[in-house]
2 protein chains.
Amino acid sequence: MRIRLIELNRISAYCSGNVSPEWGIRGTTMSGKRSPARRPTMKDIARHAGVSQSAVSFALNGRPGVSEDTRERVRRVAEELGWRPSTAARALSGEGAATVGFVLARPADTLGVDSFFLQLVSGIQEVLAERHLGLLFQVVEDVADECAVYRRWWAEHRVDGVLVVDPRTDDPRPGLLDELGLPAVVIGGAPDDRHPGLSTVWADDAGAMASVVDGLYALGHRRIVHIAGLPGLAHTERRIRTLRAEAGRRGLSEVKSVTTDYSDAEGAAVTRRVLEGPTPPTALIYDNDVMAVAGAAAAAELGFSVPADVSVVSWEDSALCRMVKPWLSALSRDSVEFGRTAARELTALLDGGSARAVRVPVPRLVERGSTGVARGA
Amino acid sequence: MRIRLIELNRISAYCSGNVSPEWGIRGTTMSGKRSPARRPTMKDIARHAGVSQSAVSFALNGRPGVSEDTRERVRRVAEELGWRPSTAARALSGEGAATVGFVLARPADTLGVDSFFLQLVSGIQEVLAERHLGLLFQVVEDVADECAVYRRWWAEHRVDGVLVVDPRTDDPRPGLLDELGLPAVVIGGAPDDRHPGLSTVWADDAGAMASVVDGLYALGHRRIVHIAGLPGLAHTERRIRTLRAEAGRRGLSEVKSVTTDYSDAEGAAVTRRVLEGPTPPTALIYDNDVMAVAGAAAAAELGFSVPADVSVVSWEDSALCRMVKPWLSALSRDSVEFGRTAARELTALLDGGSARAVRVPVPRLVERGSTGVARGA
DNA sequence: ATTAGTGACTAATGCGCATTAGGCTCATCG
DNA sequence: CGATGAGCCTAATGCGCATTAGTCACTAAT
């Protein structure tokens, strides 16, 4: 009796699969009106394949408990029906949301021209897409809002982990994420012992700064101004500290850093201010490409020729650096790969791996036309 | 008997809420090890408030069936516990995923310096954040991949709707989204009657192009080259068609469009090619800021002075346009507001509103130093 | 005084999946 | 020849929420 029924089911499933599937993914309501479309579920697969819903689950998840034969059949049916697991249901049954979060804490108007993030994100995506992980993205005003977003995401069960950018000194985020138990990778921060749960992917800013100063020193530069980015950002502070140390080591007194908001406006303004001083610097190091370009233009306007009067280095390479004359020498790094690495670390964490600190290659100085021997050297 | 029990529950809830809540959101496992944190659920709230779980649901969702008194109490408890509805559970019980999708189909290396998308996204976020809607973001290589992503998102029940950018001629996406019944807003496409289910937010490129040509014509320009963006994009084609029409209307034969990939390299290359021809144009219209800047630089290298020899107009305004000398005249639009509008349309759609086509203001030409009277005019 | 009605809850169900606990059949061993 | 176990499945349960169907006490109307 029982066997009979099952057999019948199997036969009908077999037929419908090969001859005329009465079970498409398009539904038709009673009224005859065409409903938009119906998502196939495991139940549908089960009916189609003539097995129980649990068997389907076992089959599709590689769990033992079904014959290879059945497994294959179930897989085929799932494929035909275009089935995909509902992330909602998966998340609900404890499997996680299959999503990672990414928050960008920058005021909308500061977003402007920034090639770094888009490239970073595209690298991240590459890795996440392979594993069908979604990327939940949000732009907020400041770090406080960012923390609120993490809390919400966590409470709403929206993400399995997050990628944190722009680490700061006295950053509240690592502590919060630790508390929430949300796996996270900090991008661009130096390794931090206080939060063993977080992974870190970082570039050796200190080393890069040292080598830039080395190079400029060799070219005879003794007065150097570093037009830095936002104060409070970990890498800004690292660069500033290193510059000071390098200057101290060489006994250079006319070397300093000035922090800005990364905008072209401030980049130009600071440039004008320092160049109009009594003893203008002979070399300028900008923390991003936008300021470097704006600064170089400002210098030119003041009658300073680049690189004869003043050398310019951009700490970010992009098409922008090749849009002005002379082309700007820049520290080049592979932002896409940076993103890939970060995403890989996060997936490793999600797989239960333990946190670690990964260092990506030191940015390389690409010498173009904007750096030269110091005037008078 | 029953009353008694309920009363007791209420009292105990009252006490625990005010004196020593034994129910925090932090859990402690049996072994004494501190578990990372526990998400409070409606069950917790129910226990705390001494009511059933359904009552909590009614209370929190503004449904009738509970007294104002209870409602308020439940709300307070939920607040105290830091409760947030699990999106997974919500989605599973048919409420939608509280997420909208956004796919960017551009090869990774083409992403480069683009201010438009980041601004667009930040505008979108502003509106979505208000309603606690998440934004699922993905970067893919081409439109085929993009379609695959929509299918997957739909099958996985991941998004309630999507925002579509870069509409094309013969675009497969509207049809697909229609088929899937996925609410969508097309950003930048002209209204399309064939897909009544989709909303559209668009700017009047045709009108803008006409006014730009008007302006250049008035300055004496008769030979104009339009360095357009990617062929196949709806707005590229619209601009090209309009330019041709305007030229025809005025009997100008030396007016043409050349399509590119939006990169600085092609912008410069095309510029060189047309300027080195026998009768070089006196005005160049670039479809984005990156090409405009690169093109202006290329022109300068060839000995063409801007705007004396050739006028330059950028169809995208950004800090970039103010980083070169002379500053570039540009068509300025409020990309952030554009994003807001699109997001608002999508939320309206999600609320059950019907699709419509919304036109945002025509981009306005900001005259800067790069446009002038045509040589010889 | 009985009935209908209403307000305020609680119980029960389902969403789509993973998982645990059983159930049935057949081969193997003592 | 009955007991044991392995193999292959099915049934049942839970996740967190929304929702529908009761339940119970109390009021208004007949």
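This one's a predicted model, so the numbers in the text were calculated from it and none came from an experiment. Below, chain A is the first sequence line, B the second, and so on; all start at residue 1. In what follows, every heavy atom counts, from backbone to side chain, and hydrogens, waters and symmetry copies are set aside.
- Taking OG1 of A:Thr99 as the start and CG of A:Leu128 as the end, the distance is 9.5 Å to the nearest 0.5 Å.
- Distance CH2 (A:Trp83) to C1' (C:dA18): 11 Å, rounded to an integer number of Å.
- Among C:dC9, C:dC17, D:dT19, the nucleotide with an atom closest to any side-chain atom of B:Glu95 is D:dT19.
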Any protein N or O atoms within reach of nucleotides 4-6 of chain C? Criterion: under 3.5 Å, listing atom names and distances.
none

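- As rounded to whole Å, 12 Å separates atom P of D:dC17 from atom CG of B:Leu92.
- One atom, CE of B:Met42, and another, C1' of C:dC9, lie 14 Å apart when rounded to the nearest Å.
- Summarising the geometry, the separation between CZ on A:Arg158 and C1' on D:dG16 is reported as 15 Å, rounded to the nearest angstrom.
- Each end of the helix from C:dA1-D:dT30 to C:dG30-D:dC1 gets its own axis from five base pairs, and the two axes differ in direction by 70°, given to 10 degrees.
- Rounded to an integer number of Å, the gap from B:Arg38 CZ to D:dG16 P is 8 Å.
- Atoms OH and CD, from A:Tyr150 and A:Gln138 in turn, are 10.0 Å apart once rounded to the nearest 0.5 Å.
- Of the options A:Arg344, A:Arg131, A:Arg340, a salt bridge (Lys or Arg N to Asp or Glu O under 4.0 Å) to A:Glu126 is made by A:Arg340 and by none of the others.
- Heavy-atom neighbours of A:Arg356 CZ from other residues, nucleotides or ligands within 6.0 Å: at or below the threshold of 12.
- Salt bridge status for A:Asp142 with A:Arg106: absent, with no side-chain N to carboxylate O gap under 4.0 Å.
- Phosphate proximity of C:dC9 to B:Ser67: present, with a side-chain N or O under 4.0 Å from OP1 or OP2.
- Note on A:Gly94: nothing from the nucleic acid sits closer than 4.0 angstrom, heavy atoms only.
- Taking CG from B:Asp171 and CZ from B:Arg194, the interatomic distance works out to 9.0 Å, rounded to the nearest 0.5 Å.
- Checked against A:Val66 for a side-chain contact (heavy atoms from CB on, under 4.5 Å), the options A:Glu72, A:Arg73, A:Arg71 give a single hit: A:Arg71.
- The distance from atom CD1 of A:Ile45 to atom P of C:dG16 is 12 Å, rounded to the nearest whole Å.
- Environment of CG in B:Asn61: crowded, with over 12 heavy atoms of neighbouring residues, nucleotides or ligands closer than 6.0 Å.
- A:Asp44 has a carboxylate O that lies under 4.0 Å from a charged side-chain N of A:Arg38, or vice versa, which qualifies the two as a salt bridge.
- Under the 3.5 Å distance criterion, with hydrogens and angles disregarded, no donor-acceptor pair is assigned to the side chains of A:Ser54 and A:Ser57.
- Spacing between atom CG of B:Leu81 and atom P of D:dC17 amounts to 11 Å, rounded to whole angstrom units.
- Remark on DNA chain D: of its neighbouring residues B:Arg90 and A:Ser52, the 5'-side contact belongs to A:Ser52, judged by nearest-heavy-atom nucleotide.
- The residues B:Arg76 and B:Glu79 are annotated as not salt-bridged, no charged nitrogen and carboxylate oxygen being separated by less than 4.0 angstrom.
- The CG atom of A:Asp69 sits 10 Å away from the P atom of D:dC8 (whole-angstrom rounding).
- Using a 4.0 Å heavy-atom cutoff across all strands shown, A:Arg84 reaches sugar-phosphate atoms only and no base atom.
- Distance from the side chain of B:Val66 is smallest to C:dC9 among D:dT10, C:dC9, D:dG16.
- One N or O on the side chain of B:Asp160 and one on the backbone of B:Ala98 form a donor-acceptor pair closer than 3.5 Å.
- Contacts between residues 53-64 of chain B and DNA chain D, defined by a heavy-atom separation below 4.0 Å, involve B:Gln53, B:Ser54, B:Ser57, B:Phe58, B:Asn61, B:Arg63, listed by number.
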